[in-house]
Amino acid sequence: MNKLKWILLMTLFLTACSRPAQTEVPELLDPVGVVMDTATVTRKDISRSYLYTGYVQPNVEEVWFTMSGELDKIYVSYGDHVQKGDVLATLDQEDLEKEVSALRREIEHEKQINAFTNEQLEQALASSQASLNELYANGVTGTSRQLASLDVEEKELALAQAQESQELSISQKEARLERLEQEVGSNQIVAPCNGSIVYVNETAKEGKMLNAYTTLFCVTDEDTIYAITDPVSDSRLNEMDALQATIGDQTYQLKHEPYPSDEVLSMVLSSNVHSRFKILDADEQVHEGDFVALYMDTQTKEDVLTIPVNALLKDEASRYVYQIVDGKRVRKNVEVGLITEIEAEIISGLEEGDEVYVQE
């Protein structure tokens, strides 16, 4: 054997001796950082929930006089707290009271004149009727009796027309008097609710004329408090099963109160659409401007099997979970119903108490 062959043989021998013995390759574990957890299939109520945010706003009542007149006295200022029934302002009614007194005297005088006029007409009719009766008694016929009959008819018509005209005139004046008498005493406006004055018409001054139905004050109604929120669609409201709000650390019950159609149109035109919910059990801890978190549940299903939504998997063919059986994960196809952000309803494929794999 020459020297080159000997070197090659020795090299192969040493390489074989230095190779480590082969061992069995272990089963790959789940990647590092993947957290494994399990959950139990439970029976409970499930619903789709929505969150809306907003703020607290009390109802605001506009206050005005129902008649025009000279503003006599203003008793409140911006920011004042008032109780329901407190007098806010008054009108000077001296001229109105004079008008009422004058109209009462006019009606009474007209009734006296009407009575005298009717008495004269009735006497004239009675005289004509007596003349006609005398002609009948004496057997007079022809033109004389016909003329006497026409005279009676004319006087009957004159009396009826006079009475009808008098009744119409008196009824019109009495109706006007009734309206004025209703206004007497309505020269003051009062607070419609407990609350605070949040608006005073700066153009309204004592001693100046004020037109009827001109807004003089706005008063917040502290007993009617609203949560003003992001807009909520009618379809979602129709599906609503439960509604509540969190204000501070308290929970309150709500009721949706839609805006009148004219206010809705105004909001749409101003691109400031929102929804309104009355806070049914507002207390002293609820204040104007407080932040509101409104929670709405829809599509509620009661007493159904549920699993965490992150236990539910899906491929092209079906939805499935990994059920934990004897410590091992076994694929199980399931039929699901309502799926929310945190839970899924199981219609078939699992039973209450089963454990499923959940991947965080």
Seminar exercise, completed: Closest heavy-atom pair, Gly349 versus Lys332, reported as atoms and distance to 0.1 Å, is O-NZ, 3.2 Å
Seminar exercise, completed: Taken in chain and number order and not counting sequence neighbours, the residues that satisfy salt bridge (Lys or Arg N to Asp or Glu O under 4.0 Å) with Glu222 are none
Exercise. How about Glu257: does its CD atom have over 12 heavy atoms from other parts shown lying under 6.0 Å from it?
Worked result: yes
Exercise. Hey, is the main chain of Tyr322 close enough, under 3.5 Å, to the side chain of Arg329 for a donor-acceptor pair?
Worked result: no
For this session: First locate atom OH of Tyr357, then atom CD of Gln323, and finally report the distance between them rounded to the nearest 0.5 Å.
Result: 15.0 Å
Exercise. Between Glu181 and Arg104, is there a side-chain N and carboxylate O pair less than 4.0 Å apart?
Worked result: yes
For this session: Could you pull out all residues at least two apart from Glu110 that satisfy salt bridge (Lys or Arg N to Asp or Glu O under 4.0 Å)?
Result: Lys173
Problem set entry | Residue pairs passing the salt bridge (charged side-chain N to carboxylate O under 4.0 Å, His left out) test where at least one lies in residues 276-297, sequence neighbours excluded | none
Exercise. Roughly how far apart are Ile346 CD1 and Ile307 CD1, rounded to 0.5 Å?
Worked result: 4.0 Å
Exercise. Can you tell me if OH on Tyr78 sees more than 12 non-hydrogen neighbours from other groups inside 6.0 Å?
Worked result: no
Exercise. Side chain of Ser144, backbone of Val140: donor and acceptor closer than 3.5 Å?
Worked result: no
Exercise. What's the verdict on salt bridge (charged side-chain N to carboxylate O under 4.0 Å, His left out) for Glu352 and Lys44, showing C-alpha distance, side-chain angles and the deciding distance?
Worked result: CA-CA 10 Å; Glu352 185 176 6; Lys44 59 190 292 189; over 6 Å; no
Exercise. With Glu94, which residues qualify under salt bridge (Lys or Arg N to Asp or Glu O under 4.0 Å), at least two apart?
Worked result: Lys98
Exercise. Just by distance, do the side chain of Thr306 and the backbone of Thr42 share a donor-acceptor pair under 3.5 Å?
Worked result: yes
For this session: Search all heavy atoms of Leu132 against all heavy atoms of Val152 and return the closest pair with its distance.
Result: CD2-CG2, 4.0 Å
Exercise. Does any N or O in the side chain of His274 come within less than 3.5 Å of the main-chain N or O of Asn272, such that one atom is a donor and the other an acceptor?
Worked result: yes
For this session: Could you tell me the separation between the CD atom of Gln163 and the OG1 atom of Thr117, rounded to the nearest 0.5 Å?
Result: 11.0 Å
Exercise. When clusters are formed from ILVMFWY side-chain contacts under 4.5 Å, directly or step by step, what else is grouped with Leu254?
Worked result: Tyr50, Tyr52, Val56, Ile225, Val232, Leu237, Met240, Leu243, Ile247, Tyr252, Phe277, Ile279, Val286, Val292, Leu294, Met296
For this session: Return yes if some donor-acceptor pair links the side-chain N/O of Asn194 with the main-chain N/O of Lys84 below 3.5 Å, else return no.
Result: yes
For this session: Output, in order, the C-alpha distance, side-chain angles, deciding distance and verdict of salt bridge (charged side-chain N to carboxylate O under 4.0 Å, His left out) for Asp315 and Arg331.
Result: CA-CA 12 Å; Asp315 59 21; Arg331 172 170 170 149; 2.7 Å; yes
Exercise. Rounded to the nearest 0.5 Å, what separation is found between the CH2 atom of Trp64 and the SG atom of Cys218?
Worked result: 9.0 Å
Seminar exercise, completed: Residues at least two apart in sequence or cross-chain that pass side chain to side chain donor-acceptor pair (under 3.5 Å) with Glu239, listed by chain then number, are none
Problem set entry | Main-chain N/O of Asp234 paired with Asn238 side-chain donor or acceptor, under 3.5 Å | yes
Problem set entry | Connected via hydrophobic side-chain network under 4.5 Å: Val41 and Val304 | no
Exercise. What is the minimum heavy-atom distance between Leu121 and Ala158, and which atoms define it?
Worked result: CD1-O, 4.1 Å
For this session: Heavy atoms only: give me the nearest Asn118-Ala162 pair and the separation to one decimal.
Result: OD1-CB, 4.3 Å
For this session: Would you confirm whether Thr220, through its side chain, and Gly195, through its main-chain N or O, come within 3.5 Å as a donor-acceptor pair?
Result: no
For this session: Look at atom CD of Gln112 and say whether more than 12 heavy atoms of other residues, nucleotides or ligands are closer to it than 6.0 Å.
Result: yes
Exercise. Is the backbone N or O of Gln166 less than 3.5 Å from a side-chain atom of Ser169, with the two atoms forming a donor-acceptor pair by type?
Worked result: no
For this session: May I ask you to decide if Gln299's main-chain N or O and Asp241's side chain share a donor-acceptor pair within less than 3.5 Å?
Result: yes
Exercise. Taking atom CG of Leu125 and atom CD of Gln120, what is their separation to the nearest 0.5 Å?
Worked result: 13.5 Å
Exercise. Just by distance, do the side chain of Thr214 and the backbone of Asn211 share a donor-acceptor pair under 3.5 Å?
Worked result: yes
For this session: Flag the pair Glu134 and Arg145 as a salt bridge only when some basic side-chain nitrogen lies within less than 4.0 angstrom of an acidic carboxylate oxygen.
Result: no
Exercise. Quick one: do the Thr90 and Gln188 side chains pair a donor with an acceptor below 3.5 Å?
Worked result: no
